[in-house]
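Numbering of residues begins at 1 and proceeds along the displayed sequence. Source: prediction; values computed, not measured.
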Amino acid sequence: MKEKLMHYRTCVCNINYYMVWSVKYRRKILDPEIEEYLQELVQQIPEDKGITGRKLFERFLEIRNQLWKGELWNHSYYVETIGSVSEENIRRYMEHQSKSY
């Protein structure tokens, strides 16, 4: 994993996070087209990710039928600092997670 050092006035750090969001009811709505658009949204809207659900609902009307109350994301989440874990280990973990459900 390529190091991206952050330089501040009194310190230098390299902190990476692996974040997992899950769709409500674990519905499998993220096909390749929706996933690609979601990735674009997350890049465009880094400070207010609540907008991503609304924009996905606007563009892909069919996913609204699979979820209730107009909410896309589950309210719970998981965050972990990855330390010196390799990118390959993270990729394997992610592949295993998608096969579990």
Side-chain angles (χ1 to χ4, degrees):
M1 191 170 294
K2 191 175 183 178
E3 280 192 21
K4 295 181 181 174
L5 298 178
M6 301 296 293
H7 296 266
Y8 297 100
R9 191 169 68 90
T10 58
C11 68
V12 176
C13 61
N14 176 20
I15 302 172
N16 299 287
Y17 294 94
Y18 172 62
M19 298 176 72
V20 177
W21 290 298
S22 61
V23 172
K24 294 277 265 187
Y25 319 111
R26 297 210 182 264
R27 298 291 166 98
K28 301 206 179 288
I29 63 159
L30 297 178
D31 64 26
E33 182 185 8
I34 294 173
E35 183 179 350
E36 181 180 342
Y37 183 63
L38 174 60
Q39 288 178 3
E40 290 174 21
L41 288 177
V42 171
Q43 295 292 323
Q44 293 172 7
I45 315 167
E47 294 191 17
D48 190 359
K49 287 185 182 62
I51 293 173
T52 58
R54 182 172 46 81
K55 289 201 174 273
L56 284 171
F57 280 139
E58 288 171 359
R59 182 160 173 181
F60 301 98
L61 299 176
E62 67 276 11
I63 63 176
R64 190 176 286 278
N65 296 330
Q66 299 178 41
L67 303 168
W68 296 280
K69 299 180 184 175
E71 292 182 0
L72 179 69
W73 302 116
N74 193 325
H75 291 286
S76 60
Y77 61 91
Y78 169 80
V79 178
E80 176 180 342
T81 58
I82 59 174
S84 60
V85 176
S86 72
E87 197 168 335
E88 181 59 32
N89 284 345
I90 294 171
R91 193 169 285 113
R92 272 196 301 265
Y93 173 76
M94 290 169 60
E95 288 169 0
H96 173 72
Q97 287 297 325
S98 65
K99 293 176 185 173
S100 297
Y101 298 101

So with a 6.0 Å cut-off around CD of E36, is the heavy-atom count from everything else above 12?
-> no
Closest non-hydrogen atom pair between L30 and E35, with its separation = O-OE1, 4.3 Å
Please report, to 0.1 Å, the donor-acceptor pairs under 3.5 Å made by any side chain of residues 55-65, with sequence neighbours excluded.
| residue | atom | partner | partner atom | Å |
| --- | --- | --- | --- | --- |
| E58 | OE2 | R54 | NH1 | 3.3 |

Report the C-alpha separation of I51 and L41 in whole Å, then their side-chain angles, then the decisive distance to 0.1 Å, and conclude whether the side chain to side chain contact (heavy atoms under 4.5 Å, CB included) test is met.
-> CA-CA 8 Å; I51 293 173; L41 288 177; 6.0 Å; no
CG of L72 to CD1 of I29, rounded to nearest 0.5 Å, is 4.5 Å
Those residues at least two apart in sequence (or on a different chain) that pass side-chain hydrogen bond (donor to acceptor under 3.5 Å, both in side chains) with E71 are K24, H75
